[in-house]
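Data block below; observations after.
Naming: A, B, ... by sequence-line order, numbering from 1 per chain.
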Amino acid sequence: MTAPTPVRVRYAPSPTGDPHVGNIRMAIWSWLYARHTGGQFLVRIEDTDQTRLIPGAVERILESLNWLGLDWDEGPDIGGPYAPYFQSQRLERYREAADRLVAQGNAYPCFCSSEELDALRSRQQAEKRPTGYEGKCRTVPPEEAARRAASGEPHVIRFATPREGSTTAHDLLRGAITVENATLDDFVILKSDGFPTYHLAHPVDDFAMKITHVTRGEEWIPSLPRHVLLFDALGYPRPVFVHGPVILAPGGGKLSKRHGATSVLEYADAGYLPDALLNFLCITGWGHGDETVFSRERLIEIFDIADVSLAPATFDTEKLNWLNGVYLRQMPLRELSEAIARRLERELPGDVPRPLDRVLVEAVTPLIQERIQTLAEVTPLVDFFWTGSVETPPAGEFLTKKWAGQGEAAGAALDAVADAIEALDPFEAAPMEARLRALADEIGAKAGDLFTLVRLAVTGRKVSPPLFESMEIIGQEACAERLRSAATIVRAG
RNA sequence: GCCCUCAUCGUCUAGCGGUCAGGACGGGACCCUUUCAAGGUCCAGACAGGGGUUCGACUCCCCUUGAGGGCACCA
């Protein structure tokens, strides 16, 4: 889809915490749409609520975008032709717009206190009437209002919403949305601290920054009529509005901490890959034929924001895990190996010397590449390659199935394996397997039963990467040592 | 309570008046196999309900039901 003028979309988070995945998904879609059409993607910080600012939030927001590989053409850190990109630095513009609306008779100062407003709201609720400001200060004569405001009396500026008629706005995805003006109230556009509310800041900035498509979450639909009224009153052309669906938690309802990670950085921490999360988030709430795995390039090639679905989608962690596994398996050895090395250096016990030997990590990587879904599974799976000695499991672990009650036989078998291992030359996986299969035959055991003992002895666990390749990496001496020690324990059991 | 939005397998979706309603995750079976994975083959599984419109509705309209969102000097 090609737009007549270059598409300009923006991601406009407020710095009140880490961006939620639902929020980030909208940013991904917006970014893809900009890149798909050859337009621009910008970032604007909506820091108009001084009471909710969280230090460091801006940095974390930008870090989240960076990690996902979303780049911006204009933003708080790099500036741009419409700077500044912090709303807190654009206060004069909002003031100006508000003054103009008051002068035009589209807005008025309101001197009602929060206590008064709270009281009004409770009264309305008690009487089961719609809540909302009923326009008390709208009747204050303009001259009197101006005088009181000039004398320093605390006040806000409210928009004088038309009482009659209805307002129709258009959403690219949903078509016309019409609301009776009577259901709207005189909402605040400028707060008493001089900061604008979102309702005012949004039209002023999106007009000034030449935004062509306002992309945001569905939660904004109810206030869309107010925004449209403001665009009109200000004499700004209306942009295209696109309200994406929300993301639901598995059980239904909002996705929250209770359901696991909710921010991008948490997913990074949990061992997910940027491309996998990007693919997954994009895919939840949007689809394209029979395809499921999309590279970034492919998405840019085919993504059209007009194709996103309207219904709220449920966050499917199982699918994310599977997709992450797909990306892990696709990764070039060197790249995966480096990621695994960094993970291990972060998680291995402190007595393991850093940096890790990359040659060893590269030997281990192919053994686990197709066995993990996230990087978080790496360390518990392969730590025995680095921890000097494994803790041999108790005899009971060994003496199950074929070996139940056969402590002596199992011990003998382990010793026999140790003998065979020590005699091996070269000490490589293929000949090792051949030799141990023959040995199983000699002992009169099934290969699998023998290998289970060896696995337990050498890796310390019943599930491990491929046995012989692992043993080759661990080394001849260490393997023999672990086998003998296990033999002793098993006999005693 | 008032306003708004949405509705295809358990989940994410394709479909855009005529299809055996397709794919993916998850589930089941089998194959492969030294564990665990990965891989392969196959199976089960959906148009929320009721009215219209039409020669013909998953597709268009209305109602019901269900789900989600909003009703701040927060965004």
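- Candidate nucleotides B:U34, B:C73, B:C3 were compared by shortest atom distance to the side chain of A:V179, and B:C3 ranks first.
- Within 4.0 Å (heavy atoms only), A:C282 reaches no atom of the nucleic acid at all.
- Using a 4.0 Å heavy-atom cutoff across all strands shown, A:T48 reaches sugar-phosphate atoms only and no base atom.
- When heavy atoms are screened at a 4.0 angstrom cut-off, A:R129 is found touching no nucleic acid atom at all.
- Within 4.0 Å (heavy atoms only), A:G253 reaches sugar-phosphate atoms of the nucleic acid but no base atom.
- With 3.5 Å as the limit, one finds no donor-acceptor pair spanning the side chains of A:T374 and A:N324.
- A:P225 comes within contact range of no nucleotide atom at all, as no heavy-atom separation falls under 4.0 Å.
- Looking only at atom types and distance, the side chain of A:D205 has a donor-acceptor partner in the side chain of A:Q87 under 3.5 Å away.
- With distances taken from any side-chain atom of A:L248 to the nucleotides B:C25, B:U34, B:G68, the minimum falls on B:G68.
- Nucleic acid contact for A:P196: sugar-phosphate only, since backbone atoms but no base atoms lie under 4.0 Å from a heavy atom of the residue.
- For B:A75, the OP1/OP2 oxygens have a side-chain nitrogen or oxygen of A:K191 closer than 4.0 Å.
- Residue contacts shown for A:R158 are limited to sugar-phosphate atoms, with no base heavy atom under 4.0 Å away.
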For nucleotides 38-43 of chain B, 5' to 3', base contacts (B), sugar-phosphate-only contacts (S) and non-contacts (-) with protein non-hydrogen atoms under 4.0 Å give SS----
Scoring nucleotides 5-13 of chain B by protein non-hydrogen atoms under 4.0 Å (B base, S sugar-phosphate only, - none) yields SSS---BBS
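- In this structure, A:V246 reaches the sugar-phosphate backbone alone: every heavy-atom distance under 4.0 Å involves primed, P, OP1 or OP2 atoms, never a base.
- Contact annotation: A:R461 does not reach the phosphate of B:U35 (side-chain N/O to OP1 or OP2, under 4.0 Å).
- Going from atom CD of A:E219 over to atom P of B:A72 covers 16 Å, rounded to whole Å.
- Atom-to-atom, CD of A:E377 to C1' of B:A37 comes out at 10 Å; the value is rounded to the nearest Å.
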